[in-house]
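Presented below is the structure to which this report refers.
Lettering of chains follows the sequences in order, A, B, ..., and the numbering in each one begins at 1.
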Amino acid sequence: MASLELVLPRSFYVQDSVTVARELVGKLLVRRLEGVDLIGRIVEVEAYGGENDPASHAFRGVTDRNRLMFGVGGFAYVYFTYGKHWCFNVTTGPEGVAGAVLARALEPLRGIEVMQKNRGVKRLRDLTNGPGKLTEALGIRGELNGVDLTKEGELFICKSEEKGNFEVVVGKRVGIRFGLQKPWRFYIKDNKFVSRT
DNA sequence: TGTGTGATAGTCT
DNA sequence: GACTATCACACAT
């Protein structure tokens, strides 16, 4: 289904994280799991920066966990948090410049039965309306940390074939204590799958 | 529709 | 030893 020319190229990710975040809204996240494609439309994201962003993992420099954020854009940065949840990000910017975009919510499009099974819930709206929920629904775990998102493999991102018919809203980021003044959260207006309103 | 709280384990100081 | 880019559930409105 996902044709090769629709997969987003490296150049898309080698931009400022805020730019990538805004552009990522409406794109399709594809998880290829045992030959089955689980697809969700990205409806909510947040941008994270480097030394200039106190909310970012990269704020205090390179560590074992965050080093992907300092590499070239277009790779999956997957980390474990709150003792229970995985969060999925895409790295952004050129080599040496820290940045990433957190996927906060998806609208389930394909493979919904598998997502329901992975999540243990039926209600469509509860499947992928949060960063920890969407990773559980798509089976995204630490083993996918570092995957190249520009290659059509286990995990990648495509343009949608349908033309985007939506309005992107900007707001404050969620679930952080610092850097709250930065309007770096982007989501689709009135979309039912956005994590918080 | 919203607020409050406990669970849980990896990461960093 | 403290903190966390979260979630689910309880309970009130």
Residue [X], side-chain heavy atoms: nucleotide from [options] that is nearest:
X	options	result
A:Thr63	B:dC12, C:dA8, B:dT8	B:dC12
A:Tyr82	C:dT4, C:dA5, C:dC7	C:dT4
A:Asn89	C:dA5, B:dA7, B:dG10	C:dA5

Any side-chain N or O of [X] under 4.0 Å from OP1/OP2 of [N]?
X	N	value
A:Arg119	C:dA8	yes
A:Thr81	C:dT4	no
A:His57	B:dT11	no
A:Arg177	C:dT4	yes

Base partner of C:dA5, which must satisfy Watson-Crick or wobble distances under 3.5 Å: none
Paired nucleotide for B:dT8 [Watson-Crick or G-U wobble; both distances under 3.5 Å]: none
Mind listing the side-chain donor-acceptor pairs of residues 68-84 of chain A below 3.5 Å, one per line with the distance, residues two or more places apart or on another chain?
from, atom 1, to, atom 2, distance (Å)
A:Tyr77, OH, A:His57, ND1, 2.7

Distance in Å, A:Leu102 CG paired with A:Glu46 CD, rounded so as to fall on 0.5 Å steps: 5.5 Å
Donor/acceptor link under 3.5 angstrom from A:Tyr79 side chain onto base of C:dA5: yes
Touch class at under 4.0 angstrom, heavy-atom based, for A:Leu102 against every strand present: base
